[in-house]
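The next block holds one structure in the form of structure tokens; read it before the comments.
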Amino acid sequence: MRLIISPAKKMRTDTDSFPCHALPAFLDQTQQLLDRLRQLSPQQLKTLWKCSDQIAALNQERLAAMDLHRALTPALLAYEGIQYRYMAPGVFTQEELDYVEEHLRVVSGFYGLLRPFDGVTPYRLEMGAKLAVDGKKDLYEFWGDTLAQALCQETNLIVNLASREYSRAIAPHLPERVTFLTCVFGEEQSGRVIEKGTLCKMARGEMVRYLAQCRGEDPEALRAFDRLGYRFRPDHSDEKTYVFIKE
């Protein structure tokens, strides 16, 4: 079983808390993307990133100085979004760290597919960004089936805790033998399941934390998830979608 999650836009550098165990597996492709980004003008970058002048300036500085091999942060600690705060990897036990190292993967527009202790540097590049690279019209075409094939070599069960933007880079390329199980976190309103962005991110992070603590290895462990007021609802679920309703 492998869990996939999205990255976060906000990133930090932490070279002290945990050592990096390896470089990302697709660093050659990342270097291609870095070279392409460095070819863009400041205005083109700001348009690509869809951000404020202040954030654009910060990330332009990062691009200019970026080194993919030095002063790296383990991916698990590099992202600072809501999902990662609820996962709280900084207080994991060694057993929980071992669990996520084996089971957790971060889908990234810039790095492709990250293991928790792969060394990364702060960047800004969402999977949905309209960046043409190497004759490919965007990042979905650039990565193609590469990330899905890498996951297929590890497992026949992928638990999707990523947003649609990132799961889109994986799901269409999977063979039938691989089960792609999406977890939905929502509220029931008039018989319909309504998802709310911030609450979904909180629940995804909490699910990773829960699975690390219970050493979850199969769908049965997922169904037992009962944190943040959520309960598994078989009446809304099927074999490829597990729905958790906030009571």
Side-chain angles (χ1 to χ4, degrees), residues 1-9 21-34 36 68 74-76 78-79 81 83-84 87 99-120 123 125-185 195 200-201 204-205 207-208 211-212 216-219 221-222 237-243:
M1 185 169 82
R2 292 294 181 268
L3 320 173
I4 62 167
I5 60 175
S6 306
K9 292 179 185 177
H21 293 176
L23 291 172
F26 301 106
L27 209 56
D28 289 345
Q29 290 93 324
T30 301
Q31 184 65 57
Q32 278 185 271
L33 294 173
L34 176 56
R36 178 70 182 112
L68 300 178
L76 193 63
Y79 298 106
Q83 178 172 358
Y84 292 83
M87 191 194 313
Y99 176 91
V100 293
E101 181 168 24
E102 179 180 352
H103 293 82
L104 185 65
R105 301 291 180 263
V106 181
V107 184
S108 163
F110 190 57
Y111 281 105
L113 197 65
L114 290 166
R115 296 157 298 195
F117 291 94
D118 285 349
V120 303
Y123 67 91
L125 188 64
E126 297 176 59
M127 186 64 80
K130 300 297 183 183
L131 180 67
V133 188
D134 193 28
K136 311 299 183 183
K137 66 179 180 180
D138 58 22
L139 293 177
Y140 293 111
E141 198 170 291
F142 175 79
W143 288 111
D145 66 355
T146 302
L147 312 183
Q149 291 303 316
L151 282 168
C152 288
Q153 292 175 18
E154 297 185 32
T155 186
N156 287 327
L157 172 60
I158 298 170
V159 176
N160 175 30
L161 295 168
S163 67
R164 289 181 181 88
E165 176 183 356
Y166 287 90
S167 61
R168 237 185 88 191
I170 305 292
H173 306 289
L174 295 173
E176 289 186 8
R177 67 173 177 81
V178 176
T179 299
F180 191 73
L181 178 56
T182 297
C183 291
V184 172
F185 301 94
E195 298 177 80
C200 286
K201 292 175 183 177
R204 289 167 182 156
M207 175 65 90
V208 174
L211 290 170
E217 294 288 350
D218 53 37
L222 294 170
S237 303
D238 57 40
E239 61 182 9
K240 292 188 177 180
T241 306
Y242 277 10
V243 176

Original post:
In Å, rounded to the nearest 0.5 Å, how long is the span from CE of Met87 to CG of Leu211?
Top reply: 11.0 Å
Original post:
Which residues satisfy the salt bridge (Lys or Arg N to Asp or Glu O under 4.0 Å) test with Glu217, sequence neighbours excluded?
Top reply: none
Original post:
For residues 156-179, which residue pairs qualify under salt bridge (Lys or Arg N to Asp or Glu O under 4.0 Å), counting only residues two or more places apart or in two chains?
Top reply: Arg164-Glu195
Original post:
Of all residues at least two apart in sequence or in a different chain, which pass the ring-ring contact (aromatic ring centres under 6.0 Å, His included) check with His173?
Top reply: none
**OP:** Can you sort out the partners of Arg105 under salt bridge (Lys or Arg N to Asp or Glu O under 4.0 Å), two or more places apart, ordered by chain and number?
**Re:** Glu154
Subject >> Listed partners of Ser163 passing side chain to side chain donor-acceptor pair (under 3.5 Å), at least two apart >> reply: Ser6
**OP:** To the nearest 0.5 angstrom, please state how far the CZ atom of Arg2 sits from the CG atom of Leu151.
**Re:** 8.5 Å
**OP:** Quick one: list whatever passes salt bridge (Lys or Arg N to Asp or Glu O under 4.0 Å) with Arg36, sequence neighbours left out.
**Re:** none
Original post:
Looking at CG of Asn160 and OG1 of Thr179, how far apart are the two atoms once the value is rounded to the nearest 0.5 Å?
Top reply: 13.0 Å
Subject >> Partners passing side chain to side chain contact (heavy atoms under 4.5 Å, CB included) against Pro219 (at least two apart in sequence or in another chain) >> reply: Leu157, Leu181, Arg223, Tyr242
Subject >> For Ala8, side chain to side chain contact (heavy atoms under 4.5 Å, CB included) partners two or more places apart >> reply: Tyr79, Tyr84
Original post:
What salt bridge (Lys or Arg N to Asp or Glu O under 4.0 Å) pairs are there with at least one residue in residues 127-151, not counting sequence neighbours?
Top reply: none
Original post:
Between Phe142 and Leu131, is any pair of side-chain heavy atoms under 4.5 Å apart?
Top reply: no
Original post:
Rounded to the nearest 0.5 Å, how far does OG1 of Thr182 lie from CG of Leu161?
Top reply: 9.0 Å
Give every donor-acceptor pair under 3.5 Å between a side-chain atom in residues 108-119 and any protein atom, sequence neighbours left out.
{"from": "Ser108", "atom 1": "OG", "to": "Phe110", "atom 2": "N", "distance (Å)": "3.1"}
{"from": "Ser108", "atom 1": "OG", "to": "Tyr111", "atom 2": "N", "distance (Å)": "2.9"}
{"from": "Ser108", "atom 1": "OG", "to": "Tyr123", "atom 2": "OH", "distance (Å)": "2.8"}
{"from": "Tyr111", "atom 1": "OH", "to": "Thr121", "atom 2": "N", "distance (Å)": "3.1"}
{"from": "Arg115", "atom 1": "NE", "to": "Asp118", "atom 2": "OD1", "distance (Å)": "3.0"}
{"from": "Arg115", "atom 1": "NE", "to": "Asp118", "atom 2": "OD2", "distance (Å)": "3.2"}
{"from": "Arg115", "atom 1": "NH2", "to": "Leu23", "atom 2": "O", "distance (Å)": "3.0"}
{"from": "Arg115", "atom 1": "NH2", "to": "Asp118", "atom 2": "OD1", "distance (Å)": "3.1"}
{"from": "Asp118", "atom 1": "OD2", "to": "Arg115", "atom 2": "N", "distance (Å)": "3.0"}

Original post:
Judged by atom type as modelled, is there a donor-acceptor pair below 3.5 Å linking the side chain of Asp218 to the main-chain atoms of Ala221?
Top reply: yes
Original post:
Excluding sequence neighbours, so at least two apart, what forms salt bridge (Lys or Arg N to Asp or Glu O under 4.0 Å) with Lys240?
Top reply: none
Subject >> For Thr146, all residues meeting side chain to side chain donor-acceptor pair (under 3.5 Å), sequence neighbours excluded >> reply: none
